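First up is the structure itself, then whatever we jot down about it.
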Amino acid sequence: MLKIGVLNGDDIGLEVVPQAVRVMQAAAARCGLTVDWQPLPIGRSGHETHGHTMPQVTVDTLKAVDGWLQGPIGHNAYPRSDSTWINPPLRKMFELFASVKPVKSYPNIASIHKNVDIVFLREVTEGMQSGSVTVAGTGEFRPNDDITIGHRVITRRGSNRVARAAFEIARTRARKRVTAVHKEPVFRLACGMFAEECRKVAAEYPDCSFDEVLVDGFAMKLVMAPQPYDVVVTTNQFGDILTDEGAGLVGGLGLAPGLCIGDRQAMAQATHGSAPDIAGRNIANPYAMIMSGKMLFAWLGHQRALPAAVEAAALIERAMDKVIAQAIALTGDLGGQGTTSGMGDAVVAAITH
Ligand code: ATP
């Protein structure tokens, strides 16, 4: 049995997360997967019920779950100087070291390229945003008013584990190819260490192919011919930019799911924010949250050797492919006239029929 936390978040999170849960429940039921769902307060609801946007009960409960769905947090509307209103730092707190972002095109959805199916892994604990390896701050300081110095932290451990996660994911895919993106000829020590660890890990996965591309050339290839890439692993700042570029290639925010993974747990989290401008109208696109949930099932299935979870993930993916291919119930951002709940209904129907 899996234990999965459900954190709706704010604004459209209150609409898209419940759709993801319904879809996951339908797939789990079809595949004989038992899940103990644990709804937990976070964000505005946490503040209303426990006086804090990240209640202690949520943190304590999450320690004991296999993974969770995290809806977007409306942090932009939170009072700035009140420490009970914070954007919950769950990724850091649970040492979720890699952000996994798939980029997939659909034949009938407008996109710059077709036949794109890439999974990006971005290291998120170090690099230029080295928040998890410094006691305070983001690694920037200003010794006098004319000079600012920023540093970048790369560790063997951080590089090795994100590379390993990339190969584990590649193994589950048809092409089994990992591309490491860096800039070793310029950043010989930092990118050099990242590249060295990727090469070491590659040697342990003879069933997967491995290549390396320099980040500037990669950014160009991604725009001109992204189709050959399968799994792409890179450092924090490069990944931050490239994953947004990737999402832009295939249709933007509404189609950008994500999973933050650690050694033991994972958090399903769509790339989009809480979109307060469209909240409460049942028009938000639930695709990204549903597919983030699908990724959680797939990752837990492989990690915990649970074939039913792997199967449930595949079922969700096929159902979503069908809903998109038939262009039934698609939300406005995908060119349809459907609603959030209507799209959830359609995916559930495709799973159960
Ligand atoms: P944050 O700072 O919280 O990350 P953001 O600046 O990235 O947020 P979002 O809240 O993600 O902004 O949304 C940007 C715009 O994209 C929204 O105003 C909304 O119009 C659109 N949008 C985002 N997510 C969705 C969605 N799931 N369905 C439809 N439209 C969306």
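FYI, side chains are in, hydrogens and waters are out, and symmetry mates aren't considered; it's all heavy atoms of this structure. Both ligands and their constituent atoms are indexed starting at 1 by order of listing. The structure displayed is predicted, hence computed values, not measured ones.
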Problem - Lys/Arg N to Asp/Glu carboxylate O, Arg44 vs Asp11, below 4.0 Å - result: no
Handout entry: Region of His75 that comes within reach of ligand 1 [heavy atoms, distance under 4.0 Å]
Key = side chain
Exercise for the section: With heavy atoms only and a cut-off of under 4.0 Å, state how Ile12 meets ligand 1: side chain, backbone, both or neither. Expected result: side chain
Problem - 4.0 Å protein heavy-atom contact status of atom 18 (O) of ligand 1, strictly under - result: yes
Handout entry: Lys/Arg cation over aromatic Phe238: Arg152, 6.0 Å, 45° cone
Key = yes
Handout entry: Minimum-distance protein heavy atom relative to atom 31 (C) of ligand 1
Key = Ile278 CD1, 3.8 Å
Completion exercise
atom 7 (O) of ligand 1: closest protein heavy atom, distance to 0.1 Å, is Gly273 N, 4.2 Å
Handout entry: Test item: protein heavy atom less than 4.0 Å from atom 4 (O) of ligand 1
Key = yes
Exercise for the section: Ignoring hydrogens, tell whether any protein atom lies closer than 4.0 Å to atom 15 (C) of ligand 1; use the non-hydrogen atoms only. Expected result: no
Handout entry: Face-on cation placement of Arg177 at Phe210 ring, 6.0 Å and 45° thresholds
Key = no
Handout entry: Candidate with minimal heavy-atom separation from atom 22 (N) of ligand 1, of Gly252, Gly74, Ser274, Ala275
Key = Ala275
Fill in the blank from the handout: The option among Ile73, Thr271, Asp277, Asn285 carrying the non-hydrogen atom nearest to atom 27 (N) of ligand 1 is Asn285
Completion exercise
A student checking ligand 1 against Ala284 at a 4.0 Å heavy-atom cut-off should list atoms 28 (N)
Practice task
Could you tell me whether the side chain of Ser159 reaches within less than 4.5 Å of the side chain of Ile154, counting heavy atoms only?
Solution key: yes
Completion exercise
With heavy atoms and a 4.0 Å threshold, my read on which part of Val16 contacts ligand 1 is neither
Problem - Option from Glu123, Glu95, Glu197 for which salt bridge (charged side-chain N to carboxylate O under 4.0 Å, His left out) with Arg157 holds - result: Glu95
Practice task
If you have a sec, work out which protein heavy atom is nearest atom 2 (O) of ligand 1 and how many Å separate them, to one decimal?
Solution key: Asn76 ND2, 3.2 Å
Practice task
Starting at CD1 of Ile169, measure out to CH2 of Trp299 and round the result to the nearest 0.5 Å.
Solution key: 9.0 Å
Handout entry: Residues Lys104 and Glu317 bridged, charged N to O under 4.0 Å
Key = yes
Practice task
Could you tell me whether the side chain of Val232 reaches within less than 4.5 Å of the side chain of Phe218, counting heavy atoms only?
Solution key: yes
